[in-house]
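Only one structure is covered here, and it is reproduced in the block below.
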There are 2 protein chains.
Amino acid sequence: MAESVALDPVDLHILRVLQNDARSTYRELAAQVGVAPSTCLDRVARLRRSGVILGHRLRLDPAKLGRGLQALLSVQVRPHRRELVGPFVERVRALPEARSVFHLTGPDDYLVHVAVADAADLQRLVLDEFTSRREVARVETRLIFQQWECGPLLPPGTPAPPGTTAPGGTAPA
Amino acid sequence: MAESVALDPVDLHILRVLQNDARSTYRELAAQVGVAPSTCLDRVARLRRSGVILGHRLRLDPAKLGRGLQALLSVQVRPHRRELVGPFVERVRALPEARSVFHLTGPDDYLVHVAVADAADLQRLVLDEFTSRREVARVETRLIFQQWECGPLLPPGTPAPPGTTAPGGTAPA
DNA sequence: GGTGAAAGAGGAAAGCG
DNA sequence: CGCTTTCCTCTTTCACC
C-alpha cells in the first residue's frame, strides 16, 4: 500500500503543474503538458486511485484568522507507552490551536506545530494543555519567525526545472 | 496586510467545509452552509481577496513517490547574519528533498523538513548539502515515525464542531 | 448583501484510432 | 493507451429584491 508507484514523464509533468496550482483546469493542464484534456483527466484519476494524490488542501493565512503567532512544541511523553501516547496524540490533534503533530526519534518524542493569537495565548496553551498533564514530562517551546514552502515533491532523480520553488513564504511575525 | 479579518458565521462555516474538502463545489458548499451558490462564490472570492485563503495545495503521498523516509533537520547557521542565512534558505528550498523550512527561536536556527528514499539517501543529503557547508555549524537529524494533520484552522474562540479533525495520518514508515 | 435564472465553461463518459 | 466528441453539471454573471 505504501510502495512506490511507476510514473512516466507525463505523470511527473502533471504533478509539477498541479503542485504549482492545484486549481488548474484540465484544459490548462493539457496545454502545459502537451496531451489532450481527457488524457489529463485519466492520468489524474489514476494518480488518485493509486494513492499518489491524497487530496486537496486549502492554504490559509493563520494571521488573518487572528492567529498571528506560530510555535513548535517539543514534548516528552513519559512513560512512552501506547496506552498513554495514543490518547495524548488525539487530544493534541483536537486542540483548535494545533496544526500538525509529528512522532519523532530523539529525546523529544513529539513535535506539535501550533498557531495562537499571541504570547499570552501560547503561555496559556502550554500551561493548560501540556505541562499540566501527568504524562507530559517536558515541553520546549520555540517560536516560528518565518516559514517557507519548498518546490514540488517529485521522485528521487527527477530533475526539477528552475522556478518551480513555491513562492509562498509566511511573512515574519 | 497581516491583520486579522472580520469573519461572520457564514464565512467560518465555509472555511470549515472547505478545509474538510477543498474540492467541494459551490452547490455542495451552499447546501451545507445554507445560502445560495452565488453567495458562496462571493464569500470565497472575498476570502481570497482579503488573503484569508492563500490558495489550494495538492496533498501527495511521499512514499508513493519513492520518498518513504521523512526527517527533520535542526540546523545552526553561524554566523547568523543576513548575508549568510538568505542564500542558505534559498539553497535549502531548492533541494528536491526539502518540503518546508522554519526559522526558529532557540539554539537551532532552522528546522528543515525533508523527504528522502531511505537512510542512505538521508545520510548523503546531510553530508553533501548541510555539514559540508562552511556556514552550517551543526545539524541534528530526527526521523519522523508518523505525522498527523489536525482540525480546521479557525479564529480563537470559535467552537469547532466534533468530527472535524482531519482523518489523515501518515502511516508509519 | 443575498437571490434566482440565464449564459458560458469545464468535467465525465462514450466510441474510435 | 490516447484522442475526439458529446452530454451534462457546475461556475459565473447580472438584474432584481
Side-chain angles (χ1 to χ4, degrees), chain A residues 3-61 64-66 152 154-155 157-159 161, chain B residues 1 3-61 64-66 152 154-155 157-159 161 168:
Chain A
E3 242 346 277
S4 185
V5 172
L7 299 171
D8 70 11
V10 173
D11 292 318
L12 297 177
H13 202 160
I14 286 175
L15 289 176
R16 268 200 306 265
V17 173
L18 284 183
Q19 283 182 82
N20 269 344
D21 174 19
R23 290 207 325 162
S24 170
T25 67
Y26 290 111
R27 289 176 145 75
E28 298 168 339
L29 191 56
Q32 291 188 54
V33 174
V35 295
S38 58
T39 303
C40 285
L41 189 73
D42 274 345
R43 294 299 191 116
V44 172
R46 275 173 44 192
L47 289 169
R48 287 185 160 278
R49 271 196 309 272
S50 61
V52 175
I53 296 177
L54 294 171
H56 292 247
R57 277 187 82 78
L58 212 58
R59 293 199 328 120
L60 300 184
D61 185 345
K64 291 286 170 60
L65 292 171
L154 293 171
T158 309
Chain B
M1 181 60 194
E3 240 349 275
S4 184
V5 172
L7 300 171
D8 69 11
V10 173
D11 293 318
L12 297 177
H13 202 161
I14 286 176
L15 288 177
R16 268 200 304 266
V17 173
L18 284 183
Q19 283 181 86
N20 268 345
D21 174 18
R23 290 209 323 163
S24 171
T25 67
Y26 289 110
R27 290 178 105 83
E28 297 168 338
L29 192 56
Q32 291 188 52
V33 174
V35 295
S38 54
T39 302
C40 284
L41 186 73
D42 272 346
R43 293 300 191 118
V44 172
R46 275 174 42 192
L47 289 169
R48 287 185 160 278
R49 272 196 310 273
S50 61
V52 175
I53 296 177
L54 294 172
H56 291 248
R57 277 187 83 78
L58 212 58
R59 293 200 327 122
L60 300 183
D61 184 345
K64 291 286 169 62
L65 292 171
L154 292 171
T158 309

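Every chain is numbered from 1 and lettered A, B, ... according to where its sequence line falls, protein lines coming before strand lines. Below, each value reflects all heavy atoms present in this structure, side chains not excepted, and no hydrogens, waters or symmetry copies.
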Protein and nucleotides 3-9 of chain D: nitrogen or oxygen contacts under 3.5 angstrom:
unit_1 : atom_1 : unit_2 : atom_2 : d
dC3(D) : OP2    : A36(A) : N      : 3.1
dC3(D) : OP2    : T39(A) : OG1    : 2.1
dT4(D) : O4     : S38(A) : OG     : 3.2

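The one candidate from V17(A), V52(A), L18(A) that meets the side chain to side chain contact (heavy atoms under 4.5 Å, CB included) condition with L58(B) is L18(A). The side chain to side chain contact (heavy atoms under 4.5 Å, CB included) with R43(A) is formed by just one residue from the set L15(A), V33(A), I14(A); it is I14(A).
Separating the CG atom in L154(B) from the CG atom in L12(B) is a distance of 6.5 Å, to the nearest 0.5 Å.
Remark: the backbone N or O of D8(A) is paired with a side-chain donor or acceptor of D11(A) at under 3.5 angstrom.
Regarding R23(B), its CZ atom lies at a distance of 13 Å from the C1' atom of dC10(D), rounded to whole Å. The CG-C1' distance, from L41(B) to dC10(D), rounds to 11 Å in whole Å.
Two residues are said to be in side-chain contact when any heavy atoms from C-beta on lie closer than 4.5 Å; L60(A) and L54(B) fail this criterion. Side-chain contact check for R59(B) versus I53(A): every heavy-atom pair is 4.5 Å or farther apart.
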* **Pair T158(B)-L7(B), side-chain contact (heavy atoms from CB on, under 4.5 Å): steps then yes or no** => CA-CA 11 Å; T158(B) 309; L7(B) 300 171; over 6 Å; no
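Listed here is the closest heavy atom pair of S50(B) and K64(A): O-NZ, 3.0 Å.
With a heavy-atom cut-off of 4.0 Å to chain B, the contacted part of DNA chain C has its first and last nucleotide at dG2(C) to dG4(C).
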